[in-house]
Protein chains: 2
Amino acid sequence: MPKYLMTIKYDGTAYHGWQVQKNAITVQQCVQDALESFLGFRPDVTGCSRTDSGVHAKEYCFHFESSANISEQGYVKAINTKLPDDISASDCKKVNDDFHARYSVKTKRYDYLFFDGETRNPFYSKYSWHIDKKLDEELLDKAAKEFIGKYDFSGFCSTGSSVEDTVREVFSASVKRQGDLVIFSIEADGFLYNMVRIIAGTLYFVAIGKIDINDIKDIILSKNRNKAGITAPPQGLFLSKVNY
Amino acid sequence: MPKYLMTIKYDGTAYHGWQVQKNAITVQQCVQDALESFLGFRPDVTGCSRTDSGVHAKEYCFHFESSANISEQGYVKAINTKLPDDISASDCKKVNDDFHARYSVKTKRYDYLFFDGETRNPFYSKYSWHIDKKLDEELLDKAAKEFIGKYDFSGFCSTGSSVEDTVREVFSASVKRQGDLVIFSIEADGFLYNMVRIIAGTLYFVAIGKIDINDIKDIILSKNRNKAGITAPPQGLFLSKVNY
């Protein structure tokens with residue numbers, strides 16, 4: 001059957017992540033519901049990664065198979081009439097049989113948003129982590145760059161993960177300011193469970209003086225979760241780019 | 001009793017506007033609940049304007065009276081611990097007895113956001129009006145400027161309003177693009193019921209060729225609601241600035 005790669009965006013506030021779960025609404029389930037409503041059958045959909053409850057995606061990819069007589073852009077239009085307002089498709093293209101939304105990924109980029117405005121901002125509360133002190137984005141940029149390289153990141157992985165190979169290569173990592181938002185961006189060939197949120201929490205520890213920037217390399221090499229920072233809350237995290 | 005002017009922001013998605021109503025949650029009620037929780041009494045709060053269901057505010061002002069021994073910034077901090085995530089206070093200051101949050105307003109500015117991206121964007125759906133065709137922001141800027149001046153705007157007022165004086169002076173009106181957002185901004189000494197949304201709907205009619213830019217002045221002078229455009233949906237509207 002022809003295979004398609006679809007790209008969507010979603011506001012994860014209302015969802016328990018991507019992956020289908022019992023007794024919780026997930027993005028995968030909404031996507032399957034929407035496809036089923038015009039295909040007449042319920043296709044399997046395979047996502048590019050799991051995402052946690054409350055995490056957002058500016059670009060998320062999944063593949064599915066269908067022999068329906070619908071064009072690539074036809075799929076985008078059809079699914080957008082069926083998806084809820086907080087999920088939308090932006091692209092769809094035919095791919096080869098051996099393409100896999102998860103295993104064919106070369107790199108992914110995540111952005112983590114800190115908000116350091118003096119008072120809460122209702123327009124950012126679902127899309128950032130509000131920090132009560134002004135952040136030094138230049139210091140955090142230097143700290144972020146310590147994560148560039150190929151390392152065993154098992155100290156930056158929440159327990160409960162069953163991954164065997166914990167080596168990942170980070171190609172770029174940076175922090176920049178946009179008004180009261182401080183944006184941490186990181187691109188790698190893959191990420192361990194909660195890795196971006198733990199790195200974001202480590203940057204926060206650098207910001208409040210609980211971790212020294214010169215100790216970051218040792219913390220990575222220690223492979224000890226307890227030496228890294230806290231796991232930053234989910235609502236600041238965006239999957240922003242998936243490269244195949 | 002000492003009188004205070006408080007400035008808040010709110011995401012109006014979940015609210016039936018500012019004004020207290022039976023059987024519907026409003027911003028005014030949440031603000032009163034929050035104040036009551038630490039003042040120990042329920043103060044009257046008087047807002048700078050009514051706002052409709054689903055309309056947002058980057059800056060909304062109200063006054064209240066209290067003889068509690070709390071500093072201006074103390075009020076901001078205290079209320080922010082009590083308000084829900086989609087409402088926050090940004091400022092509070094003592095004002096004179098004769099100050100009135102509504103009648104002392106010199107000008108207000110509203111912004112109306114159109115989104116003309118090719119596909120829906122879940123991050124903008126609650127904060128803009130999605131238009132299915134690319135907008136010409138230069139044309140709309142010219143159209144907006146036709147509204148500058150002192151006119152009887154009764155053709156740009158929804159029925160159900162009981163205002164007697166329908167003359168308002170518009171000091172500035174403009175349209176600019178930011179990526180896929182097209183932002184209409186308008187500042188006036190006051191606005192009739194739904195006036196900004198009807199002007200926004202009229203700009204939309206200009207965009208789709210249903211109203212000619214050269215006819216706008218005549219439409220204003222006609223004072224005929226039926227000649228203006230549709231009432232644009234609420235979620236694109238932001239009260240952005242209140243000047244006293």
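Labels below follow one simple rule: chain letters A, B, ... track the order of the sequence lines, proteins then strands, and each chain is numbered from 1. Since the model is a prediction, treat every value here as computed from it, not as a measurement.
Ranking Gly117(A), Pro84(A), Pro122(A) against chain B, the residue ahead of the rest is Pro122(A), based on heavy-atom pairs under 4.5 Å.
No part of Asp91(A) comes within reach of chain B, as not one of its non-hydrogen atoms sits under 4.5 angstrom from that chain. With a threshold of 4.5 angstrom between heavy atoms, Ile8(A) does not approach chain B through any atom at all. When heavy atoms are compared at a cutoff of 4.5 Å, Lys77(A) does not approach chain B at all. In this structure, chain B has heavy atoms under 4.5 Å from both the backbone and the side chain of Ser90(A).
Put simply, the side chain of Lys3(B) never gets that close to the backbone of His63(B): no donor and acceptor are under 3.5 Å apart. A donor-acceptor pair under 3.5 Å is formed between the side chain of Asp116(A) and the backbone N or O of Leu135(A). A distance-only check finds a donor-acceptor pair linking the side chain of Gln235(B) to the backbone of Ser128(B) [under 3.5 Å].
Using cut-offs of 30° and 60° on the angle between ring planes, the pair Phe238(B) and His56(B) is tilted. Using the six-membered ring where Trp is involved, Tyr124(B) and Phe115(B) have ring planes that are tilted, between 30° and 60° apart.
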